Amino acid sequence: FIGLTKPIFFNFSIKDLILLIGGGFLIIKSALEIGTKVDVLTRDFFAGNLKSDLSQYKVGDVQMVEGFLKQLQTIKDAMDKRGETVLANDILLYDNASGIAGTVDLLTYDANGNFRIYDMKTMRGNQFQLTHRGGDNKGQSRYTTPYKNGKLSNQEKHQRQLSGYR
């Protein structure tokens with residue numbers, strides 16, 4: 001626990017707690033950095049601008065990056081089959097009425113004028129297979145159920161974010 005007068009409990013390993021020393025939440029910073037690097041790799045792939053040396057992306061070993069690129073190729077093949085054109089570089093969507101803006105990972109359009117938004121989420125572990133080890137929803141999916149009742153699940157948070165782009 002960390003706290004002054006009232007303890008606050010966090011679900012961190014000893015390694016994670018060591019990273020917290022120094023005044024900042026380095027875990028969050030690290031996750032954001034990894035997410036940004038994966039975004040860059042993905043955008044480069046869809047823009048046809050992949051670096052010849054995949055180790056420059058610094059998201060994992062080259063074999064892992066190659067595996068990820070194979071998965072992206074499967075997605076691209078499906079997009080091509082649907083006749084989608086991909087816009088992959090810093091596409092900003094905004095709504096003047098609500099004052100909300102955000103950058104989407106990929107935006108596509110087809111000959112019929114249909115637009116599609118692809119938004120990637122970088123998460124620790126496989127939240128589709130992992131279950132909560134504690135909390136109100138112990139044993140249930142980390143992605144579809146929240147840790148604590150009354151809170152939103154990651155799936156609900158992601159849906160709300162995407163719905164905001166409509």
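Here the structure is a predicted model, which means the values were calculated and not measured.
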Excluding sequence neighbours, so at least two apart, what forms side-chain hydrogen bond (donor to acceptor under 3.5 Å, both in side chains) with [X]?
X: Asn112; value: none
X: Ser153; value: Glu156
X: Asn89; value: none
X: Glu66; value: none

Atom of Ala47, atom of Ala88 and distance for their closest heavy-atom approach: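 Where Ala47 meets Ala88 most closely, the heavy atoms are N-CB, 4.3 Å.
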Sequence neighbours excluded, every pair satisfying side chain to side chain donor-acceptor pair (under 3.5 Å) that has a member inside residues 75-87: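 For residues 75-87: Gln73-Asp77, Lys76-Asp80, Arg82-Glu84, Arg82-Tyr118, Glu84-Thr108, Glu84-Tyr118.
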So do the side chains of [X] and [Y] get within less than 4.5 Å of each other, counting heavy atoms only?
X: Asp39; Y: Thr42; value: no
X: Arg142; Y: Thr131; value: no
X: Asn114; Y: Tyr109; value: no
X: Leu106; Y: Leu87; value: no
X: Val38; Y: Tyr57; value: no
X: Leu69; Y: Leu50; value: yes

Of the options Leu41, Leu54, Thr36, Val40, which is the one that meets Val59 in a side-chain contact (heavy atoms from CB on, under 4.5 Å)?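 So, applying the side-chain contact (heavy atoms from CB on, under 4.5 Å) to Val59 and each of Leu41, Leu54, Thr36, Val40, only Leu41 qualifies.
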In one Ile/Leu/Val/Met/Phe/Trp/Tyr side-chain cluster, 4.5 Å: Leu152, Tyr147: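 In one cluster with Leu152: Tyr147, no.
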How long is the straight-line distance from [atom2] of [Y] back to [atom1] of [X], given to the nearest 0.5 Å?
X: Met64; Y: Asp61; atom1: CE; atom2: CG; value: 6.0 Å
X: Lys138; Y: Thr145; atom1: NZ; atom2: OG1; value: 13.5 Å
X: Ile91; Y: Asp105; atom1: CD1; atom2: CG; value: 11.0 Å

Without swapping roles, check the side chain of Asp110 against the backbone of Gly113 for a donor-acceptor pair under 3.5 Å.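 Looks like yes, one N/O pair under 3.5 Å.
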Please check this pair: side chain of Asn154 against backbone of Tyr143, looking for a donor-acceptor N/O pair closer than 3.5 Å.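 Not a single qualifying donor-acceptor pair exists.
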Partner residues of Asp136 under the salt bridge (Lys or Arg N to Asp or Glu O under 4.0 Å) criterion, sequence neighbours left out: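 Partners of Asp136 under the salt bridge (Lys or Arg N to Asp or Glu O under 4.0 Å) test: none.
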Please assess Lys51 against Asp44 for the test salt bridge (charged side-chain N to carboxylate O under 4.0 Å, His left out), listing each intermediate value before the final yes or no. CA-CA 8 Å; Lys51 297 174 183 172; Asp44 283 358; 5.1 Å; no
